[in-house]
Number of protein chains: 2
Amino acid sequence: MTETPDRGAQPETSASTGPERAPSRRDRARLATTDEIKAAARELLAPAQEGSDLSLRAVAREVGMTPSAIYRYFESRHDLMEALALDAFDSVAAALGEAAAVPDRAPLQRAVDMAHAYRAWCLRHPAEFALIFRHGNVSGAGSPTWREHLLGFYRVPLVIMLEDVAAGHVALGTMATPLPVVQPEILEVAQALGPDGVCPEAVVRLTQVWASIHGFVCLELFGHAGLIMGDVAEAFEHHVRTVLGTHYR
Amino acid sequence: MTETPDRGAQPETSASTGPERAPSRRDRARLATTDEIKAAARELLAPAQEGSDLSLRAVAREVGMTPSAIYRYFESRHDLMEALALDAFDSVAAALGEAAAVPDRAPLQRAVDMAHAYRAWCLRHPAEFALIFRHGNVSGAGSPTWREHLLGFYRVPLVIMLEDVAAGHVALGTMATPLPVVQPEILEVAQALGPDGVCPEAVVRLTQVWASIHGFVCLELFGHAGLIMGDVAEAFEHHVRTVLGTHYR
DNA sequence: CACGAAAGCGAACAGTGTTCTCCAAGCAGG
DNA sequence: CCTGCTTGGAGAACACTGTTCGCTTTCGTG
């Protein structure tokens with residue numbers, strides 16, 4: 001994604017979705033170098049804590065290349081950072097999915113686990129966390145690729161929420177009416193997950209739960225929570241149970 | 001604050017908190033220039049949407065000065081941005097206070113008003129919002145001045161919450177126990193507000209309400225909310241009422 | 001008025017993102 | 001085998017950036 005800067009990397013595999021041309025020697029080398037660049041960038045990003053001061057030249061030094069050579073793989077510094085952000089989306093989504101896959105957990109406990117997994121990932125990857133929440137803005141959000149990865153991320157908690165709704169573990173019908181209207185795009189995602197029913201209320205509830213949990217993590221990562229609460233981990237646990245308690249039964 | 005770069009601006013008003021020396025002609029000129037610099041910086045910050053790319057040299061051009069001259073007023077670019085962040089704290093605190101001061105509002109409605117005032121401020125000042133939430137990190141937060149302004153900000157909703165608790169409008173005792181422990185620093189703030197009682201549960205509830213509301217605004221400002229909800233304003237209103245509904249009665 | 005501190009200028013340095021030209025490989029087809 | 005052509009990379013260059021230092025002007029205050 002967001003490659004092909006100069007003259008297009010994949011020469012003719014664009015229009016014809018034909019015989020799935022095996023990746024050539026060159027393609028594999030290119031992919032390896034791309035990954036190496038991204039790995040180096042992530043390495044340099046880690047101590048920075050803020051994605052802003054990632055130096056392209058430093059990345060080039062790290063991988064033993066000239067700064068200009070990086071431009072064979074990424075159109076710009078912004079592009080490199082966006083690629084890192086997309087990977088971060090996938091990474092945190094995987095962390096959530098892992099927490100959701102633990103067997104023999106009560107629905108409420110599974111949701112609590114996912115919240116803790118989210119917080120743990122964010123605390124462990126503060127730079128990538130900042131990266132995710134810097135790209136994209138109020139109006140139209142980012143590129144289509146960005147939207148795609150973002151939706152892919154939300155798919156993870158959404159499938160769990162829909163499952164719990166279908167199993168009757170969510171206190172449906174107790175919210176104020178009328179419910180706010182949701183985007184058709186996200187309903188399509190829900191529909192693709194199964195015919196159990198496209199339930200707008202589930203989307204609304206997930207958004208509210210998510211906003212509450214994400215908000216606490218934000219406060220913690222930017223130093224606000226620690227200024228107010230004594231034991232932040234304990235406070236998070238309590239917060240999560242309060243929030244989920246108003247939606248689960 | 002965070003001035004006095006070269007040799008100290010206020011020559012001898014530092015140690016002796018004595019006769020409140022009236023601001024000299026120079027002091028006033030200095031303050032005016034400082035404000036002009038900050039105003040220019042804010043101007044340039046507005047379209048940027050991200051605080052990162054604020055150029056000190058551009059600020060200097062805007063006010064008609066040499067870049068190096070700025071260093072007579074701020075020790076570094078970081079210092080200038082921190083000053084802007086502190087002003088932003090005061091600005092959003094004022095917006096909240098204004099919403100809280102509207103007379104003849106029911107407690108719940110007043111809380112809803114404050115939430116909307118917060119969202120409105122954030123949408124109107126996205127760059128300053130980003131500024132506030134970039135300084136400070138997980139561990140110890142920022143400078144003492146930063147903590148001071150941060151606590152000053154939280155004082156505004158806290159006094160309202162304590163008022164509502166004292167008037168019996170908050171559903172005390174319905175949370176999971178044990179309650180998480182809060183910082184003594186914030187309890188001192190609460191104590192200073194009035195002897196009505198230092199109520200740790202009020203601090204916990206405020207934190208959770210605050211995290212939930214702030215979280216939604218974060219999602220909106222970074223383009224997540226718009227991707228999921230159709231009418232974000234409507235969704236925010238619903239979210240706020242859901243959250244506050246679990247704490248007010 | 002004269003002194004001295006404050007405020008501003010201008011050059012300089014190191015570092016940045018980005019673009020350009022050029023060159024050495026590696027793969028293609030005759 | 002040789003000839004092209006595409007790709008990956010080097011290196012110089014440009015327009016910036018934040019920051020420092022020395023010099024000069026200005027202006028308030030003794």
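Because only heavy atoms are used, hydrogens play no part in the values below, and waters and symmetry mates are left out as well, while side chains stay in.
- In this structure, CG of L31(A) is placed 12 Å from P of dG8(D), rounded to the nearest angstrom.
- Using the six-membered ring where Trp is involved, F153(A) and F89(A) have ring planes that are tilted, between 30° and 60° apart.
- A search for salt bridge (charged side-chain N to carboxylate O under 4.0 Å, His left out) contacts involving E188(B) returns nothing, not counting sequence neighbours.
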Would you tabulate the pairs of protein nitrogen or oxygen atoms and nucleotide nitrogen or oxygen atoms of nucleotides 28-30 of chain D closer than 3.5 angstrom?
from    : atom 1 : to     : atom 2 : distance (Å)
dG28(D) : OP1    : R25(B) : NE     : 3.4

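- Phosphate proximity of dA6(C) to Y73(B): absent, as no side-chain N or O sits under 4.0 Å from OP1 or OP2.
- Atom CD1 of I37(B) and atom C1' of dA7(C) are 11 Å apart (whole Å).
- Scored by the side chain to side chain donor-acceptor pair (under 3.5 Å) test, S91(A) finds W121(A) as partners (sequence neighbours excluded).
- Partners of E234(A) by salt bridge (charged side-chain N to carboxylate O under 4.0 Å, His left out), not counting sequence neighbours: none found.
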Name the atoms and distances for all side-chain donor-acceptor pairs under 3.5 Å in residues 55-69 of chain B, with sequence neighbours left out.
from   : atom 1 : to     : atom 2 : distance (Å)
S55(B) : OG     : R57(B) : N      : 3.3
S55(B) : OG     : A58(B) : N      : 3.1

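- Take H214(A) and apply the side chain to side chain donor-acceptor pair (under 3.5 Å) test, not counting sequence neighbours, and it matches Y118(A).
- The interatomic distance linking R30(B) (CZ) with dG8(C) (C1') rounds to 12 Å, in whole Å.
- End-to-end axis angle of the helix from dC1(C)-dG30(D) to dG30(C)-dC1(D), using five pairs per end and rounding to 10°, comes to 0°.
- With sequence neighbours left out, the salt bridge (charged side-chain N to carboxylate O under 4.0 Å, His left out) criterion links E237(A) to R241(A).
- R155(B) meets the salt bridge (charged side-chain N to carboxylate O under 4.0 Å, His left out) test with no other residue; sequence neighbours excluded.
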Inset, instruction - If a protein heavy atom is under 4.0 Å from the base, mark B; if only from the sugar-phosphate, S; if neither, -; do that for nucleotides 14-21 of chain D going 5' to 3'. - result: ---BBBBB

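- Atom pair M65(A):CE and dT7(D):P shows a separation of 17 Å (rounding to whole Å applied).
- Partners of F236(A) under the ring pair (Phe, Tyr, Trp, His ring centres under 6.0 Å) rule, at least two apart in sequence or in another chain, are H116(A), F216(A).
- Using cut-offs of 30° and 60° on the angle between ring planes, the pair Y154(B) and W210(B) is perpendicular.
- Applying the side-chain contact (heavy atoms from CB on, under 4.5 Å) criterion to D90(B), with sequence neighbours excluded, gives H149(B).
- Residue F74(A) contributes atom CZ, which lies 15 Å from atom C1' of dG8(D) at whole-angstrom precision.
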